[in-house]
Each structure stands twice: as C-alpha cells, then as structure tokens.
There are 2 protein chains.
Amino acid sequence: MVAERAKVSRVAVSRAFNPHTSLKPEKRALILRIAQELNYTPDRAARALVSGRSHSVGVIVPDVCSPRESQEIDALTTALQNEGFATLLFKTQTDMSMDETLLTYMKGFNPDAVIAFVENIPPATLARVLDQAVPIYVHYPLEGQPETGVLAADKTLHDQLNVMQRNGIEQAVALLQGYGARRIAYLSGLPRSLASVAREQTLRAVMADRGLDEPIVFSGDFTYDTAYAATVDLFRVGQGADAVFAANDVGAFGVIDALRHEFGLRVPQDVKVVGFDDIEQSHWKSYSLTTVKIDLAERVRALVRLILRRLNDPGAPAFVETLQTRLVVRGTVG
Amino acid sequence: MVAERAKVSRVAVSRAFNPHTSLKPEKRALILRIAQELNYTPDRAARALVSGRSHSVGVIVPDVCSPRESQEIDALTTALQNEGFATLLFKTQTDMSMDETLLTYMKGFNPDAVIAFVENIPPATLARVLDQAVPIYVHYPLEGQPETGVLAADKTLHDQLNVMQRNGIEQAVALLQGYGARRIAYLSGLPRSLASVAREQTLRAVMADRGLDEPIVFSGDFTYDTAYAATVDLFRVGQGADAVFAANDVGAFGVIDALRHEFGLRVPQDVKVVGFDDIEQSHWKSYSLTTVKIDLAERVRALVRLILRRLNDPGAPAFVETLQTRLVVRGTVG
DNA sequence: CGCAACAATGAACACGTTTTCACGACTCGT
DNA sequence: ACGAGTCGTGAAAACGTGTTCATTGTTGCG
C-alpha cells in the first residue's frame with residue numbers, strides 16, 4: 001500500500017474510498033489526489049474477501065448470439081456498469097437447461113446475484129447449489145398468468161418483475177381480425193419454454209374472447225432454421241393459415257422467408273405475420289415485422305433496480321414491478 | 001473452513017484442490033469427497049488475493065447487439081469457460097473508442113487478461129492505466145499489411161493473431177469480375193476503423209492487380225441503418241455501381257435492402273453484393289449473402305490459446321498464429 | 001546398516017482490504 | 001465549568017486462501 005505517502009494510516013485510505021465513513025474532508029481529498037497520482041485503486045479481491053461482496057452479477061444464457069439475448073446482455077451490462085457492478089457471463093452447454101455443474105462453477109466466482117435467462121432449472125438443483133447469500137433471479141412466466149415473473153431462490157422472498165403480455169397480444173389479434181384473418185397459427189418456441197407456453201395461453205384466451213377458432217399450433221425452438229422448416233411442413237400438407245403468430249421475432253423471420261421463398265406467398269397479402277420481442281432486426285426492410293414489443297432496456301433497468309434493492313436490504317418485503325407490452329405495427333400485417 | 005472434519009490441516013485442503021502439490025492420494029480423495037458433501041469450493045476472492053490471479057478475462061465491446069460481436073462473445077465465453085475462466089463483460093459508452101475511465105473501472109476487477117474489441121485506444125491511455133501484470137490483447141490490423149493483428153500492451157511482447165484477408169477478397173473479386181462487374185463500390189465501416197481500412201487497402205490492391213478501376217468508396221459505420229442511407233445517397237446521384245463490397249455483413253444487408261426497396265433493383269441481376277464476416281444471419285433466405293468468411297470460433301480459440309500461453313509463461317518469446325479467410329458463395333453474386 | 005534424497009505434513013506468514021474497538025479532541029446543553 | 005455526546009483517528013483483528021520453511025517419516029542406494 002503505497003498511498004501512505006500521505007502520512008496517514010491505511011485505515012484512512014480505506015475510509016477515503018468509502019463515502020459513508022467519517023473522515024476529515026481535506027484529508028480525504030488529499031488521499032484521493034495522491035491515489036490518483038499513484039494510479040491506485042483499492043484491490044477488489046481483498047475487498048471482496050472481507051466484505052463478501054464481489055460487485056459482480058452472474059449472467060447465464062444459452063446462446064449469446066440470439067439477437068434477443070444479446071440485446072438483453074447489452075442493456076444489462078450497461079445498467080450494471082452504471083451501478084458499479086461487472087457482468088460475469090456464462091453459457092449453458094447445449095439447450096436452454098442448466099445443469100448443476102455450471103451453477104457450481106459460476107458460484108465459485110462469488111457473484112452477488114445471478115440472473116439466469118434459462119427457464120428449466122430444477123428447483124432441487126437450485127436449492128442445493130446456492131446458499132441464501134446469493135439472491136437468484138430466475139426469469140419465467142408465472143403459471144397460468146399472462147405475465148413473466150422474477151423469482152427469488154428463497155421461496156419466501158418473491159421479488160417480481162411482471163411483464164403483462166396481454167395488452168400487446170390483444171392489439172395484435174384485433175388487428176389481424178380487422179384484416180379478415182380467420183385461420184391463425186401459433187409457432188411455439190421450445191416446447192418446455194415457459195415464455196412460449198405463457199404466450200400461447202394468452203393468445204388462446206384472447207382469441208376465444210373474440211370468438212375466433214383455436215389457433216393451429218406448430219412447434220419451433222426460437223431459431224430461424226427450425227421456424228423455416230416448421231413452416232414448410234405446415235403449409236405443405238394442410239391449407240396453411242392466413243396469419244401466423246410467432247413466439248419470437250427471429251422465428252417470425254423464418255416463417256416469412258419460408259412463405260416467400262418456398263411457396264411464393266406474399267406477406268402480408270396472402271399471409272400475415274406477427275412476432276414477439278421487437279428486436280433490432282425487426283425493422284429491417286426485408287422483414288419490417290409487426291411485433292409485440294417488450295421494452296428490453298426498461299425491463300433490464302427494472303431488473304437491476306430489483307437486485308440493488310434486495311442487496312441493500314436483504315430482509316425487506318417483496319418488491320414488485322410491472323411492465324406493459326404494446327404492438328408495433330410495421331409491414332407484415334395489413 | 002469446515003472441511004477440517006477430515007481431521008487434516010487447512011493446508012492439506014488447499015493442496016487437495018491444487019493438482020501439482022504433494023499429498024497422499026488417499027488423503028486427497030478423502031478431502032475432496034468431504035468437500036463435495038459439504039458443498040465446499042475454495043473461495044475465489046481469497047485465492048485471487050494471494051495468487052494475484054482472478055481467473056477472469058475482461059472483454060470490452062462497443063455494442064453487444066451487433067451480430068458479429070455477439071458471436072465473438074459467445075465463442076469466447078465458451079472457450080474461456082472450458083479453461084476455467086470467467087468472462088467479465090464491459091461496454092464502451094458511445095462509439096468504438098475507449099476512454100480511460102472504462103479501462104480504470106475494468107482494471108479494478110483485476111482481470112488476468114483483457115480483450116478489447118475496440119480499435120482506437122490511445123497508446124498513452126493504455127500504457128498509463130495498465131500495469132504490466134495484465135497482458136492486453138487489442139485486436140487491429142497491422143499497418144500497411146493485409147492482416148489483423150493482436151498486439152500486447154508491452155511493445156516488446158508481440159503475440160500476434162493474423163487474419164489473412166487477401167485470400168477471401170481475391171476470390172470475391174475474381175467472382176465479381178467473372179460475372180462482368182466493372183464498377184465496384186466499397187462501403188466502408190467507421191472511417192477510423194483499422195479493420196475497415198485494411199479491407200479497403202487489400203481490395204484496392206487486388207483490384208489493381210486484376211486491371212480493374214479504383215473502387216468507388218462510400219462510407220458507413222458497420223450498422224444497417226447507415227449502410228441503407230449511404231446506399232440511397234450513392235445510387236441517387238451518380239450511376240451507382242454494378243457491385244458493392246461491404247465492410248461487414250450487416251452493412252451488406254442495408255445495401256441490399258436499399259437497392260431493392262428504394263430503387264427496385266434486383267440483387268444479383270442488377271447489382272451484386274459481397275459482405276465480410278459470415279455471421280449467422282447471412283444465410284437467411286432474404287439475404288443469402290455471398291461473403292468473405294472469417295471462422296470466428298477458430299479465431300477465438302486461437303485468441304484464448306495465446307492468452308493461456310502468455311499467462312503460463314510471461315517471459316516467453318512472441319507467439320504467432322495465422323488464420324485464413326475464404327469466400328462463401330451464396331445468392332448475391334451470380 | 002548408514003546416510004542421503006525425497007514425499008508428506010503442518011505451523012507461521014503474507015495478501016490488501018474492512019471492521020471493531022478504544023482513545024483523545026472537540027461541541028453542546030445545562 | 002462539567003459531563004454527555006459526536007467526530008476523527010489509528011491499532012489490531014479478521015476474511016480464506018497460497019506459499020515458504022522446517023520437521024518428520026519413508027525410500028533408495030551403496
């Protein structure tokens with residue numbers, strides 16, 4: 001510790017860097033100035049060792065390449081960075097599931113919190129691997145409700161970030177119906193994905209409310225290629241559909257391309273398409289996708305807010321935040 | 001430290017987790033078994049404090065959303081994870097530059113190495129902020145040569161990862177020429193981007209070698225929207241071009257969409273388009289882009305190899321790795 | 001059998017912080 | 001003017017490892 005050039009104890013240096021400690025202002029200023037000169041910053045490792053806080057947040061994703069996730073990571077990194085945290089990124093190996101190995105591995109890096117963009121973590125795994133020290137934020141839709149939630153590891157805690165999907169879906173269905181669509185299909189995401197299931201449930205409910213027949217469901221896995229292939233299958237055998245609702249935007253791109261290039265169908269004249277997310281690529285002219293928008297940036301800010309509050313006050317009652325969705329109308333409907 | 005249930009000293013526990021220490025095998029096994037039962041892993045913070053190694057690698061990017069970068073981060077995370085490292089992700093604030101603030105901030109987290117997908121870091125900043133303890137791997141093209149390089153912070157070290165761009169560009173130009181293209185344009189990336197400059201230089205050299213006129217250069221910034229607008233400008237005033245070479249794939253998408261939707265031009269019949277990178281989206285049917293491919297996964301593996309070697313042997317002479325590019329032919333040429 | 005080399009082991013220390021505790025120097029209210 | 005409270009300060013302890021050093025038990029070689 002070289003900063004004792006200021007003729008003060010190491011304790012004083014420590015205090016100089018911690019706002020809420022009592023230290024004579026002029027002395028603090030002196031220490032900070034000298035630290036600046038010497039290019040000194042308090043060692044995070046030592047700090048983490050004694051405080052138990054690493055000031056990092058573990059983020060687990062299945063696939064960084066997916067536009068939706070990369071946008072989420074981007075926003076998350078920015079938000080965390082602004083709060084003095086670092087993003088510790090980890091990837092699940094194959095599918096969207098997460099095994100105990102990865103969780104243990106990540107836990108080894110002592111993240112203060114964990115955000116898992118992964119849906120099917122066995123609760124047993126979760127409970128066993130994590131001490132209560134690390135608040136886990138798993139993100140998935142609440143059962144039977146048209147919202148996604150954020151659930152703490154400890155079942156008694158229950159911080160929630162609710163994304164109300166119903167608004168956007170209602171607007172989309174109304175628009176489709178307005179343009180005369182009758183046979184509406186739903187391209188699911190991964191079959192076990194709770195997000196996809198929740199969207200399907202809400203869609204069914206909304207369509208029933210408006211007197212429409214049940215949707216034709218065909219299954220994808222959130223990727224372009226699978227969506228493309230699934231669309232080819234659907235339209236080759238039956239009479240297809242006159243509107244397709246995809247569980248995510250990338251899937252919608254696959255649907256659009258399959259319709260155009262495999263069957264020569266026009267979008268939106270012959271088939272209308274609606275996506276979900278509103279990712280960066282959705283406004284590209286080749287797709288110009290009408291889609292149900294979740295404001296990712298805002299959602300991530302809310303997430304970070306939740307984490308920070310919980311970290312500052314571990315014993316506080318559950319926090320709840322709610323986000324709305326809305327339809328962004330572009331060229332694939334109408 | 002609860003693992004003394006095994007009736008051994010803490011030192012023995014430490015040794016049990018470190019392969020190259022002398023400890024009776026049966027005792028090591030016992031300790032590891034008990035550790036497993038107790039769900040114990042050595043504390044990284046303490047480990048980092050004493051060893052000076054955090055087992056994490058800082059990664060700096062301007063924009064995680066960009067497909068190219070997200071693919072790179074994805075591959076990097078996988079590779080690092082396999083080697084027992086974590087990825088510490090940071091974002092530059094606005095453009096592709098990096099200010100001292102961010103570098104200092106990141107340094108506070110003690111990454112063992114830094115990979116910056118950022119090109120214009122002032123050497124002064126670099127030198128001042130980093131101790132020699134952290135090998136910096138900045139990635140940019142070597143001056144006047146048709147390759148990108150990886151340069152260590154210390155100028156005496158000089159580990160290099162060379163990406164030979166010439167191969168792919170030659171194949172692309174030959175193909176364009178074979179289809180009768182004469183007026184070839186180049187859409188640059190960010191004007192100060194060394195990668196873009198290197199590609200332009202190589203393109204010029206190759207075209208001169210083949211007796212073609214100088215390329216028409218118009219400038220973008222690697223994004224879709226800017227590429228779209230720049231293409232509109234170019235084709236509105238002059239007579240345009242009969243082939244466009246874009247500095248990256250996303251830019252090529254913007255070019256294609258502008259040609260089709262603003263001018264009703266057909267790709268490839270009226271204008272041929274070649275990109276650079278071969279990202280995931282390039283095979284999507286709406287674009288089906290012919291592009292110069294860099295094997296990102298292989299490039300990242302090489303990068304990680306370099307870092308690991310340097311970490312194991314800080315004094316070793318410079319390591320050099322070389323990667324080739326090749327043309328992937330799809331639908332936008334021919 | 002004797003001596004040297006070597007494997008196995010634990011005690012003590014080091015790493016760079018934050019936190020707790022104790023002490024003196026003030027300020028304030030009466 | 002005196003005690004109570006507050007502020008500023010540093011000494012010492014603590015955080016959980018890896019490392020060095022000395023000690024003991026063991027093997028190998030002549």
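The figures that follow rest on heavy atoms only: side chains count, while hydrogens, waters and symmetry mates do not. Everything numeric in this text was worked out from a predicted model, so none of it was measured.
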If you check the [X] side chain, which of [options] turns out closest?
{"X": "A:A12", "options": "D:dG10, C:dG10, C:dT19", "result": "D:dG10"}
{"X": "A:K24", "options": "D:dT9, D:dG16, C:dT18", "result": "D:dT9"}
{"X": "A:V11", "options": "D:dT17, D:dA12, C:dT17", "result": "D:dA12"}
{"X": "A:R15", "options": "C:dT20, C:dT9, D:dT19", "result": "C:dT20"}
{"X": "B:A46", "options": "C:dT18, D:dT17, C:dA8", "result": "D:dT17"}

Atom-to-atom span, [atom1] of [X] to [atom2] of [N] - whole angstrom:
{"X": "B:N110", "N": "C:dC15", "atom1": "CG", "atom2": "P", "value": "15 Å"}
{"X": "A:E26", "N": "D:dG8", "atom1": "CD", "atom2": "C1'", "value": "11 Å"}
{"X": "B:R28", "N": "C:dG10", "atom1": "CZ", "atom2": "P", "value": "14 Å"}
{"X": "B:R53", "N": "D:dT19", "atom1": "CZ", "atom2": "C1'", "value": "15 Å"}
{"X": "B:R47", "N": "C:dA14", "atom1": "CZ", "atom2": "C1'", "value": "17 Å"}
{"X": "B:R44", "N": "C:dT17", "atom1": "CZ", "atom2": "C1'", "value": "20 Å"}
{"X": "A:H20", "N": "D:dC7", "atom1": "NE2", "atom2": "P", "value": "15 Å"}
{"X": "A:R10", "N": "D:dA14", "atom1": "CZ", "atom2": "C1'", "value": "12 Å"}

A:V57, A:L303, A:L308 screened by side-chain contact (heavy atoms from CB on, under 4.5 Å) with A:L80, the one that passes
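Looking at A:V57, A:L303, A:L308, the match for A:L80 under the side-chain contact (heavy atoms from CB on, under 4.5 Å) is A:V57.
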Salt bridge (charged side-chain N to carboxylate O under 4.0 Å, His left out) against B:K27, all qualifying residues, sequence neighbours excluded
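Checked B:K27 against salt bridge (charged side-chain N to carboxylate O under 4.0 Å, His left out); zero matches.
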In terms of the nearest nucleotide of DNA chain C, which residue is placed more toward the 5' end: A:S14 or B:L49?
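The residue mapped nearer the 5' terminus is B:L49.
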Give a yes/no on whether any side-chain N or O of A:K27 is located under 4.0 angstrom from OP1 or OP2 of D:dT9.
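Yes.
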Check whether any side-chain nitrogen or oxygen of A:S22 sits under 4.0 Å from OP1 or OP2 of D:dC7, and answer yes or no.
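Negative; the distance criterion is not met.
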DNA chain D: 5'-proximal contact among B:N18 and A:P25 (nearest heavy atom):
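So the residue in question is A:P25.
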For A:L23 and B:T41, find the nucleotide of DNA chain D closest to each by heavy atoms; which residue's nucleotide sits nearer the 5' end?
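The 5'-side residue here is A:L23.
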Just to verify, what does A:R44 make a side chain to side chain contact (heavy atoms under 4.5 Å, CB included) with, not counting sequence neighbours?
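Scan of A:R44 (side chain to side chain contact (heavy atoms under 4.5 Å, CB included), adjacent residues dropped) gives A:H55, B:Y105, B:F109, B:N110.
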Describe the nucleic acid contact of A:S51 in one word from base, sugar-phosphate, nothing, applying a heavy-atom distance below 4.0 Å.
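Counting heavy atoms under 4.0 Å across all strands, no contact is made by A:S51.
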I need the minimum non-hydrogen distance between B:G52 and B:D112, along with the two atoms involved.
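Scanning both residues completely, I find the closest heavy atoms to be O-OD1, 4.1 Å.
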Are any of the side-chain heavy atoms of A:L102 and A:I60 separated by less than 4.5 Å?
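Yes, close enough: below the 4.5 Å cut-off.
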